Undergrad: 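Okay, handing you the structure first.
On a predicted model such as this, the values are computed, not experimentally measured, just so you know. Residue numbering restarts at 1 for every chain, and letters A, B, ... go by the order of the sequence lines.
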There are 2 protein chains.
Amino acid sequence: MTTPLPGRPSRGSNSGQPIMALFDLLGRRWTMRLLWELRSGPKSFRTLQEACGGMSPSVLNTRLKDLRKSLLIENQPQGYALTSLGDHLMKKLDPLRDWSEDWSTALGKSD
Amino acid sequence: MTTPLPGRPSRGSNSGQPIMALFDLLGRRWTMRLLWELRSGPKSFRTLQEACGGMSPSVLNTRLKDLRKSLLIENQPQGYALTSLGDHLMKKLDPLRDWSEDWSTALGKSD
DNA sequence: CATCTTGCTTCTCTTATAGTAGCGGTGTTT
DNA sequence: AAACACCGCTACTATAAGAGAAGCAAGATG
């Protein structure tokens, strides 16, 4: 499957609106999780794989490719790392942590 | 597949941390998109389907089920609508629209 | 009665992801 | 040099998720 990028139609959207491309990109298994794991600093391919519970290397590789194409991560000597663009995105996603706590409570599974 | 909920292990995470369950839930095709479409008010099954470019009714149905279980949407007389919980989540996701514009620019596809 | 819309269900086919194995390269230790 | 340990992958098969078309039962409308 092709990497979803703003400016060109994505899955279920022929408008090419950036937000739709973003949902298409993030709405794939492991994508948000991977970015989340990289918040704490660069990680190697295998470290990432372990951090994600032994996720399939084939999928990991395709995700890493997509995220690189999307300029959200880059391959540095220390390993894969968020770009400043990716870092900004994660900062936008950060409030989700608080929300998910409330969510947990609402569902009566309040840890 | 089972609906990911906080408090129980989700795909790639045996911790049951709410944020992981959230990523698991949102990291599925159409999920974020559906919530996004409901921001503007309640929509019927078929309206939603059209809004999402004719997405498969089978998938739509399972997503709606999942989102109801997760208390993010509910079935009202006017159609499917965000719960207050779902509405709060969308407010947290709203800054993504701005970010995606910057993203678009960075990729040189500035609309 | 006939016709429309709505919320689905059922079916088959294709695509995405999981899971295991292993390669070639680099660096370090013996 | 040989052995090991790591690295970023690639190739393969098996299963699960999603696409796409058809249609059905229930309710409203003519």
Undergrad: How about A:L64 and A:R68: do any of their side-chain heavy atoms sit closer than 4.5 Å?
TA: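 Sidechains of A:R68 and A:L64: in contact.
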
Undergrad: Would you mind reading off the distance between A:R28 atom CZ and D:dA16 atom C1', rounded to a whole angstrom?
TA: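 Between C1' of D:dA16 and CZ of A:R28: 17 Å.
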
Undergrad: Is the side chain of B:T105 donor-acceptor paired with the backbone N or O of B:E101 at a distance under 3.5 Å, no angle test?
TA: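 Flag set: sc B:T105 to bb B:E101 pair under 3.5 Å.
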
Undergrad: Any side-chain N or O of A:W30 less than 4.0 Å from the OP1 or OP2 oxygen of C:dA18?
TA: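 Answer is yes, contact under 4.0 Å.
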
Undergrad: With a 3.5 Å distance limit and no angle check, can you tell me whether B:W103 reaches the backbone of A:G86 through a side-chain donor-acceptor pair?
TA: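 Side chain of B:W103 to backbone of A:G86: no pair is present.
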
Undergrad: Taking CD from B:E50 and P from D:dG20, how many angstroms apart are they, rounded to a whole number?
TA: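 It is 15 Å, rounded to the nearest whole Å.
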
Undergrad: Would you kindly give the CG-to-P distance between A:L48 and D:dC7, to the nearest whole Å?
TA: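 Checked: the CG to P distance equals 11 Å.
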
Undergrad: Once you round it to whole Å, what is the distance between C1' of C:dG22 and CD of A:Q49?
TA: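 In whole Å, C:dG22 C1' and A:Q49 CD are 13 Å from each other.
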
Undergrad: Can you check whether B:S44 has a side-chain N or O nearer than 4.0 Å to OP1 or OP2 of C:dG7?
TA: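 B:S44 to C:dG7 OP1/OP2: side-chain N or O found under 4.0 Å.
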
Undergrad: Could you check if a side-chain atom of A:L96 sits within less than 4.5 angstrom of a side-chain atom of B:L89, using non-hydrogen atoms only?
TA: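 Counting from C-beta outward, A:L96 and B:L89 do come under 4.5 Å.
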
Undergrad: Calculate the interatomic distance between A:L34 atom CG and C:dT17 atom C1'; express it in whole Å.
TA: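 Taking CG of A:L34 and C1' of C:dT17, I get 13 Å after rounding.
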
Undergrad: Any cation-pi pair here, A:R39 with A:W36, using under 6.0 Å and within 45°?
TA: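 Geometry flag: set, cation within 6.0 Å and 45°.
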
Undergrad: Heavy atoms from C-beta onward define the side chain here; which of C:dT17, D:dG18, C:dG7 lies closest to that of A:R29?
TA: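 Selected nucleotide: C:dT17.
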
Undergrad: Just how far, in rounded Å, is P of C:dG25 from CZ of A:F45?
TA: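 Interatomic distance, CZ of A:F45 to P of C:dG25: 18 Å.
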
Undergrad: Does any residue of residues 54-64 of chain A have a heavy atom under 4.0 Å from DNA chain C, and if so, which ones, in number order?
TA: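 A:S56, A:P57, A:S58, A:V59, A:R63 - these, ordered by number, are the residues of the stretch whose heavy atoms sit under 4.0 Å from the strand.
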
Undergrad: How many Å lie between CD on A:Q78 and P on D:dC7, as a whole number?
TA: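 For the pair A:Q78 CD and D:dC7 P, the rounded distance is 14 Å.
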
Undergrad: Go nucleotide by nucleotide along DNA chain C from the 5' end; which of A:R46 and A:T2 gets its closest nucleotide reached first?
TA: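 Taking each residue's closest nucleotide, the earlier one in sequence belongs to A:T2.
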
Undergrad: Just so I know, are the side chains of A:W30 and A:C52 near enough to count as touching, which here means a heavy-atom distance under 4.5 Å?
TA: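 Result yes, sub-4.5 Å side-chain heavy-atom pair found.
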
Undergrad: Please check: side-chain N/O of A:K43 versus main-chain N/O of A:E37, any donor-acceptor pairing under 3.5 Å?
TA: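 Present.
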
Undergrad: I need the CG-P distance between A:D24 and D:dG18, as an integer number of Å.
TA: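 Rounded to the whole Å, the gap is 13 Å.
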
